[in-house]
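Just so you know, these numbers use all the heavy atoms, side chains as well, and skip hydrogens, waters and symmetry mates. The first residue in the sequence is number 1, and the count goes up from there.
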Amino acid sequence: MRPAAARRTEAARLLREAERRTAPVEALSTAWPDLGLADTYAVQQDNVARRLAAGSTVIGHKAGLTSAPMREPFGVDEPGLGHLLDDMVHRDGGTVRAPGTVPHGSNPRSASASPGRCVDPA
């Protein structure tokens, strides 16, 4: 396995383990300062593929850090994109288990369904 591929595999494993334990991990960019955008999306794709293989389904997508002032502290030039899976949803009025959250890293969001498909204008 190439060094970049091995690093991506290890990063994906660390994030899966953090999610399983509901415990934060050190920023991947601290462990691997040269981690690039392509690496981060490859890590995300690896973990999404594993969840899909385990039975999850994609129910939507998200864009994060969409405004320049929000990206600036992170040194990011463009919004981040991600998948929303059915097992990430807590229905209105539902119960969220406290042990299933990470208090200092949680990023709760509200979402709504779009009546149509999003189409890339390019």
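- Side chain of Y41 to main chain of G80: no donor-acceptor pair is present (N/O by atom type, distance under 3.5 Å, no hydrogens or angles).
- The CD atom of E78 sits 5.0 Å away from the CG atom of L37 when rounded to the nearest 0.5 Å.
- Side-chain atoms of N47 and E19, non-hydrogen and from C-beta on, never get closer than 4.5 Å to each other.
- In this structure the side chain of M88 reaches within 4.5 angstrom of the side chain of R51, judged on heavy atoms.
- Within the 4.5 Å cutoff, the side chain of R7 has heavy atoms near those of the L35 side chain.
- Following chains of ILVMFWY side-chain contacts shorter than 4.5 Å, one cannot reach L85 starting from L15, and the two form parts of different hydrophobic clusters.
- To the nearest 0.5 angstrom, K62 atom NZ is 12.5 Å from H83 atom NE2.
- The CG atom of D86 sits 6.0 Å away from atom CD1 of I59, with the distance rounded to the nearest 0.5 Å.
- A search for salt bridge (charged side-chain N to carboxylate O under 4.0 Å, His left out) contacts involving R71 returns nothing, not counting sequence neighbours.
- Taking CZ of R8 as the start and CG of D39 as the end, the distance is 4.5 Å to the nearest 0.5 Å.
- Under the rule for a side-chain hydrogen bond (donor to acceptor under 3.5 Å, both in side chains), the partners of S56 that lie at least two apart in sequence or sit in another chain are D87.
- Partners of D77 under the side-chain hydrogen bond (donor to acceptor under 3.5 Å, both in side chains) rule, at least two apart in sequence or in another chain, do not exist in this structure.
- Nearest approach of A11 to V43, heavy atoms of both residues: CB-CG2, 3.8 Å.
- For the pair D46 and R13, the salt-bridge criterion is not met [side-chain N within less than 4.0 Å of a carboxylate O].
- Atom CD of E17 is surrounded by more than 12 heavy atoms from other residues, nucleotides or ligands within 6.0 Å.
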